[in-house]
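Data block below; observations after.
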Amino acid sequence: GSLVVETSPKRYSPSMSSTPGIRLTLIRSGNPAGETEYVWNASYGRFLSWNPPEYPVHLLGNHEITRGEVLYWTFTDSPGPAKEPVRITVTARDPLTGNVTGSAAVTLDWDG
């Protein structure tokens, strides 16, 4: 099946109170979410979860495996003077065989 990562908001700062990070939503066709695992990697920063009912923020690492839940991406430290774009990749795979069934990537650029 096909796999796309949708991001929102389009501009983000850790000081924003409306969101804990950039929302990463999988748009998928083909395999149902429950039958696939998704391997996420970020070249910088870290993932977090922020889910109902209480919406607690759980800090995660820069490598996560999910079943299709929404993830968020954030950072705490300055990216330094080089400000390399952040590359986030996700690979869909069958949890029983490990066969890759799709992949997607998104690149986040820094302001300024």
Side-chain angles (χ1 to χ4, degrees):
S2 68
L3 192 61
V4 174
V5 178
E6 185 177 90
T7 61
S8 69
K10 296 301 176 194
R11 296 177 84 115
Y12 168 73
S13 167
S15 63
M16 293 171 70
S17 61
S18 59
T19 182
I22 294 178
R23 182 183 172 105
L24 305 169
T25 305
L26 285 173
I27 308 299
R28 56 190 170 260
S29 65
N31 299 333
E35 298 175 11
T36 303
E37 66 182 10
Y38 299 91
V39 181
W40 293 85
N41 288 288
S43 63
Y44 184 82
R46 61 194 306 171
F47 299 111
L48 52 91
S49 64
W50 189 48
N51 298 308
E54 288 86 26
Y55 288 92
V57 174
H58 295 286
L59 293 175
L60 307 170
N62 66 345
H63 172 82
E64 289 300 318
I65 298 175
T66 70
R67 291 292 185 154
E69 309 89 322
V70 170
L71 279 181
Y72 290 79
W73 174 88
T74 191
F75 65 99
T76 53
D77 298 324
S78 169
K83 292 187 179 180
E84 293 290 326
V86 176
R87 179 99 167 137
I88 295 174
T89 60
V90 59
T91 302
R93 68 183 182 195
D94 181 303
L96 299 177
T97 65
N99 291 338
V100 172
T101 58
S103 64
V106 64
T107 301
L108 306 176
D109 290 319
W110 300 98
D111 266 353

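Owing to the predicted nature of the structure, the values given are computational and were not obtained by experimental measurement. Basis for what follows: all heavy atoms, side chains included, without hydrogens, waters or symmetry-related copies.
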Spacing of His58 atom NE2 and Ser49 atom OG [to the nearest 0.5 Å]: 5.0 Å

Parallel, tilted or perpendicular: ring planes of Phe75 versus Tyr44, cut at 30 and 60 degrees: tilted

Closest contact, heavy atoms only, Arg93 versus Gly98: CB-O, 4.0 Å

Donor-acceptor contact below 3.5 Å, side chain Ser43 vs main chain Arg87: yes

Over all atoms of both residues, closest heavy-atom pair of Trp110 and Glu84: NE1-O, 2.8 Å

Tyr55 reachable from Val57 in the ILVMFWY side-chain graph, under 4.5 Å edges: yes

Single-linkage hydrophobic cluster, 4.5 Å side-chain cutoff, Tyr12 and Val106 together: yes

Shared hydrophobic cluster for Leu60 and Val86 (ILVMFWY, side-chain gaps under 4.5 Å): yes

Shared hydrophobic cluster, Ile65 / Val5 (ILVMFWY, side-chain heavy atoms < 4.5 Å): no

Atom pair CG (Asn41) and CD1 (Ile88), whose distance is rounded to the nearest 0.5 Å: 10.0 Å

From CG (Leu71) to CZ (Arg46), nearest 0.5 Å: 12.5 Å

Straight-line distance of Glu6 CD to Ile27 CD1, nearest 0.5 Å: 4.5 Å

Taking every non-hydrogen atom, the tightest pair across Thr89 and Ala105: CG2-CB, 4.0 Å

Gap separating the CD1 atom of Ile22 from the CZ atom of Phe47, nearest 0.5 angstrom: 11.0 Å

Approximate separation, where rounding is to 0.5 Å, of Arg11 CZ and Asp111 CG: 4.0 Å

Same apolar cluster (I L V M F W Y, side chains within < 4.5 Å links), Leu108/Leu26: yes

Flag, side chain of Glu69 to backbone of Arg67, donor-acceptor distance under 3.5 Å: yes

Shortest non-hydrogen separation from Tyr38 to Ala92 and the atoms involved: CE2-CB, 3.6 Å

